[in-house]
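What follows is a short report on a single structure.
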Amino acid sequence: MTSIHHVTQANHECTGDLSASVPVKAVIFDMDGVLVDSEPIYFEVERSSFAHFGAPMTEEEHHTYVGVTLESMWRQVLDRHQLTNTVEEVLAYHQKNVMQTITAYEGLVAIDGLERWLDWLQEKGIPVAVASSSPRSLINLIMEKTGLGRYFDIRITGEEVPQGKPAPDIFLYAAELLGIEPAHCVVIEDSRNGVHAAKSAGMRCIGLHNPGSGQQDLSKADHRIFSYGDLWTLKESLPFGE
């Protein structure tokens, strides 16, 4: 797009006209940074793991891994930093740390305004799914700890598809499980990799700017918002369930 339109009285940006497009029949959510503000927790665990295996990590490089699977992240880290450890070794160490940290973490809650939005989608009869690069065990743990599991019967992990984000596989699989054509799906994402995956899948995408997810380029998203309050102000102009 050649320009960004600022909508008055709303703290969001629009890069496309969703209201004139085909109806929205399903909403697919990323998890980390979209359903829960978990990215800062992961950053701390990842920094600890990087240091343990001797990978000097800049903040800029670290942010490039947001939204990708753990296996993809570690393959890139091992290659870039020429580490001699195996992928299996670092994954086992890191996943154990993540699960222990999240299990013990007491302050994990749904992002403010999310449940009101999910309740509204439920009332409209619009199905939802979570499509996350995190392992299934972690998705299920977070669904249980936050109480969000009651909304998400369909949960897809990057481990279940041939290629993780930024490839479109996970979102195309989510659409298949939902029984909805990709063009009728909207994805809510907080990372550059996730936005790229959604657009590559032929879906519309709402980019959620979450400071906890680092400096993410969401410019390819159809809309960019800063909170679920912003998204609430948009709902009447979007073609949900028409």
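The model shown is predicted, which means the values in this text are computed figures rather than measured ones. FYI, the numbering just counts along the sequence from 1.
The distance from atom CD1 of Ile156 to atom CD1 of Ile170, rounded to the nearest 0.5 Å, is 6.5 Å. A distance of 8.5 Å separates CG in Leu218 from OG in Ser213, rounded to the nearest 0.5 Å. If you take CD on Gln95 and CG on Leu70, they are separated by 5.5 Å, rounding to the nearest 0.5 Å. A distance of 8.5 Å separates CG of Leu78 from CZ of Arg75, quoted to the nearest 0.5 Å. Here CD1 of Ile180 is found 6.5 Å from SG of Cys185. Values are rounded to the nearest 0.5 Å. Rounding to the nearest 0.5 Å gives a distance of 4.5 Å between CG of Leu118 and CZ of Phe29.
Residues Val186 and Trp120 share a single hydrophobic cluster, defined by chaining ILVMFWY side chains whose heavy atoms lie under 4.5 Å apart. Put simply, Val161 and Val130 are part of two different groups of oily side chains (I, L, V, M, F, W, Y) that touch within less than 4.5 Å, one to the next. In the hydrophobic clustering of this structure, Phe53 groups with Met73; members are Ile, Leu, Val, Met, Phe, Trp, Tyr whose side-chain heavy atoms approach within less than 4.5 Å, directly or through other members. Both Val36 and Ile188 are members of a single hydrophobic cluster when ILVMFWY side chains are connected at heavy-atom separations under 4.5 Å. Following chains of ILVMFWY side-chain contacts shorter than 4.5 Å, one cannot reach Val195 starting from Tyr65, and the two form parts of different hydrophobic clusters.
Contact detail for Gly33 and Ser38: the closest heavy-atom pair is N-OG, 4.0 Å. Contact between Pro182 and Leu172 at its shortest, heavy atoms only, is CG-CD2, 3.9 Å. Considering all non-hydrogen atoms of both residues, Tyr42 and Ser134 come closest at OH-OG, 4.2 Å. Here the closest non-hydrogen pair linking Ser191 and Gly194 is OG-N, 2.9 Å. The minimum heavy-atom distance linking Leu83 with Ala55 is given by the pair CD1-CB, 3.9 Å. Taking each heavy atom of Ala131 and Phe171 in turn, the nearest pair found is CB-CE2, 3.8 Å.
With hydrogens and angles disregarded, a donor-acceptor distance shorter than 3.5 Å links the side chain of Gln216 to the backbone of His63. A donor-acceptor pair under 3.5 Å is absent between the side-chain atoms of Asn193 and the main chain of Lys165, judged by distance alone. Using modelled atom types, no side-chain atom of Arg224 and backbone atom of Ile206 make a donor-acceptor pair closer than 3.5 Å. Looking only at distances, no side-chain donor or acceptor of Thr69 sits under 3.5 Å from a matching main-chain atom of Ser133.
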Practice problem: Run the numbers on Leu178 and Lys25 for side-chain contact (heavy atoms from CB on, under 4.5 Å), then give the verdict. | Solution: CA-CA 10 Å; Leu178 287 163; Lys25 297 183 179 180; over 6 Å; no

Does the side-chain contact (heavy atoms from CB on, under 4.5 Å) test come out yes or no for Met57 and Val77, once each step is laid out?
-> CA-CA 9 Å; Met57 185 65 55; Val77 170; 4.0 Å; yes

Apply ring pair (Phe, Tyr, Trp, His ring centres under 6.0 Å) to residues His62 and Phe50 and explain how you reach the verdict.
CA-CA 10 Å; His62 198 171; Phe50 295 148; 5.2 Å; yes

Check the pair Leu35 / Ile142 against side-chain contact (heavy atoms from CB on, under 4.5 Å), numbers first and verdict last.
CA-CA 9 Å; Leu35 300 182; Ile142 288 178; over 6 Å; no

Exercise for the section: Step by step, work out the side-chain contact (heavy atoms from CB on, under 4.5 Å) result for Val27 and Phe240. Expected result: CA-CA 10 Å; Val27 181; Phe240 282 102; 3.9 Å; yes

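Using a cut-off of 4.0 Å between Lys/Arg side-chain N and Asp/Glu carboxylate O, Arg136 and Glu160 are scored as salt-bridged. Looking at Arg150 and Glu115, a side-chain N of the basic residue comes within less than 4.0 Å of a carboxylate O on the acidic one, giving a salt bridge. With salt bridges taken as basic N to acidic carboxylate O contacts below 4.0 Å, one links Lys199 and Asp222.
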Report all side-chain donor-acceptor pairs from residues 96-105 shorter than 3.5 Å, counting only partners two or more places apart or in another chain.
{"from": "Thr101", "atom 1": "OG1", "to": "Asn97", "atom 2": "O", "distance (Å)": "2.8"}
{"from": "Thr103", "atom 1": "OG1", "to": "Met99", "atom 2": "O", "distance (Å)": "2.6"}

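Counted by atom type alone, Gln76 and Ser72 present one or more donor-acceptor pairs between their side chains at under 3.5 Å.
Using a 4.5 Å cut-off on side-chain heavy atoms (C-beta onward), Ile139 and Phe152 make no contact. Annotation: side chain of Pro239 is not in contact with side chain of Val22 (no heavy-atom distance under 4.5 Å). Residues Gln122 and Tyr151 are in side-chain contact: their nearest non-hydrogen atoms beyond the backbone lie under 4.5 Å apart. Side-chain contact between Leu108 and Ile41 is present, with heavy atoms from C-beta onward closer than 4.5 Å. Two residues are said to be in side-chain contact when any heavy atoms from C-beta on lie closer than 4.5 Å; Asp112 and Ser227 fail this criterion. The closest side-chain heavy-atom distance from Asn85 to Tyr93 is not below 4.5 Å.
Here the options are Asp190, Asp32, Asp37, the test is side-chain hydrogen bond (donor to acceptor under 3.5 Å, both in side chains), and the partner is Asn210; only Asp37 passes.
Between Phe226 and His209, the two ring planes are parallel [angle under 30°; tilted spans 30° to 60°].
In Asn140, the CG atom is crowded: over 12 heavy atoms of neighbouring residues, nucleotides or ligands sit closer than 6.0 Å.
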